[in-house]
Amino acid sequence: MVQYGESFIAKGIDFMAKTWITEEFDTPAVLIHRGRLQKNIEKMAEFAQMHGLALRPHIKTHKMIEIAHMQLEAGAIGITTAKIGEAEVMAAHGVRNILIAYPILGEEKLSRLAQLKTVAAVTTVIDGVAQAEALSRYALAHELQFQVLIEVDTGLKRCGVLPGQDTLSLFHQVSGLPGVEVVGIMTHAGHAYGAATPEEVVRIARQEGFDMVENAGLLRSEGLTLHQVSVGATPTVRHSGQITGVTEIRPGNYVFNDLTQIRLGVATEEQCSLRVAARIVSHPAVDRLVMDAGAKTLALDQGAHGTKGVAGFGQVLGHPELTITRLSEEHGVIQVAGPTELRVGDIIEIIPNHSCPIVNLADQVIVVDDNGKKEVWKVAARGRTS
Ligand SMILES: Cc1ncc(COP(=O)(O)O)c(C=O)c1O
């Protein structure tokens with residue numbers, strides 16, 4: 001343990017700790033290791049380039065201008081968002097090609113979408129006639145043309161029309177609508193997060209790719225010019241992206257990774273670029289510690305879409321005797337199995353279950369590097385609910 005002021009930096013803390021601890025350091029804090037982040041970004045960009053794929057990362061993971069620009073500089077052709085609000089923030093900071101991978105409905109959102117189209121190339125998604133008709137009505141009234149992708153369900157059972165005849169039939173129903181142009185198809189195989197083994201992840205990913213390519217072939221046989229055949233989730237892109245005919249990948253979580261990706265065999269601890277630093281604030285029983293990172297820092301998230309094998313709310317580095325068993329809003333309850341050297345005031349470092357909601361709960365993150373340089377980045381698009 002290293003003594004720092006009144007506190008101790010717990011054993012097992014990652015090397016980033018050696019650089020970020022200063023007198024004014026406060027907890028809880030979200031830390032990002034710049035070198036690891038850069039490496040994750042570059043490796044995905046290299047994969048996309050090697051397989052002739054357009055890379056359109058989903059920025060809901062980070063919501064930060066700096067990281068979006070790192071992705072674009074590494075070769076991304078544009079970004080994906082879930083919210084118009086995220087797209088607005090990114091467009092205001094120079095991002096010019098955006099897929100909003102979410103159905104857009106309601107006059108207010110349609111007018112924001114129209115405004116966004118004045119500064120960036122924007123595509124949205126539909127999976128039914130109703131959304132296409134709403135876009136068409138607005139387009140007619142305002143002399144606009146909306147580009148859309150048809151969202152296809154390759155197994156997640158969230159949004160999406162089924163591949164095959166259902167997609168074809170939707171295409172026929174919407175292709176005559178004025179102001180709406182179908183430019184491609186997209187899917188998100190998020191059900192890979194519920195896979196029990198790495199082999200199952202690969203199987204789901206390959207299915208994602210094959211279903212989409214077959215679907216694209218069917219639409220083309222009916223005369224549709226399809227520009228985008230877009231797939232992606234961090235666990236699947238490295239496999240679905242290799243199926244000939246897939247043109248685009250949209251990973252999001254890969255910039256940070258997390259315990260969920262480790263559990264799925266998709267990332268290593270070394271590739272996790274985001275950590276939460278917390279302080280032990282109470283030791284009320286021999287077998288119980290309490291830290292200052294609760295649900296409002298770590299999120300009550302145990303992974304997306306039925307992730308399996310999750311015990312607790314993150315892994316405390318270097319302390320296998322600890323399990324984060326409960327989170328109330330500002331308290332994190334840690335169960336101690338056997339002896340621990342941790343004391344009140346000590347700082348610990350946590351790899352979270354799911355990095356995406358953590359960033360959305362933070363106003364800012366502390367970006368560290370191996371040379372002791374520290375920067376603060378704002379989570380510019382945080383909390384955008386529309
Ligand atoms: C439509 C869509 N595309 C891409 C992604 C990125 O997935 P991941 O974060 O697993 O990389 C998501 C994640 O929620 C998504 O919903």
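Heavy atoms only: backbone and side chains are in, while hydrogens, waters and symmetry mates are out. Start at 1 and go down the list; that is how both ligands and their atoms are numbered.
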Can you tell which of Met186, Arg250, His354 gets a heavy atom nearest to atom 4 (C) of ligand 1? Arg250
Which residue from His188, His58, Gln261 reaches closest to atom 7 (O) of ligand 1 through any of its heavy atoms? His188
Need the ligand 1 atom indices (1-based, order shown) with element for anything under 4.0 Å from a heavy-atom of [X].
X	value
Lys60	9 (O), 13 (C), 14 (O)
Pro251	11 (O)
Tyr193	8 (P), 9 (O), 10 (O)
Gly232	3 (N), 4 (C), 5 (C)
Asn253	8 (P), 9 (O), 11 (O)

Salt bridge check: are [X] and [Y] linked by an N-O gap of less than 4.0 Å?
X	Y	answer
Arg34	Glu375	yes
Arg382	Asp363	yes
Lys60	Glu86	no

Under 3.5 Å between some N or O of ligand 1 and some N or O of [X]?
X	value
Thr61	no
Tyr254	no
Ala101	no

My understanding is that a hydrophobic cluster links ILVMFWY residues whose side chain heavy atoms are under 4.5 Å apart, including indirect links. Using that, what else belongs to the cluster containing Leu99? Val125, Leu149, Val183, Met186
Will you find, in the side chains of Asn253 and His58, an N or O donor that is under 3.5 Å from an N or O acceptor? no
Begin with the C-alpha distance, continue with both residues' side-chain angles, and end with the deciding distance and a verdict on side chain to side chain contact (heavy atoms under 4.5 Å, CB included) for Ile249 and Arg56. CA-CA 6 Å; Ile249 55 171; Arg56 184 187 285 284; over 6 Å; no
Can the positive tip of Arg326 be found less than 6.0 Å from the middle of the six-membered ring of Phe313, inside 45° of the ring normal? no
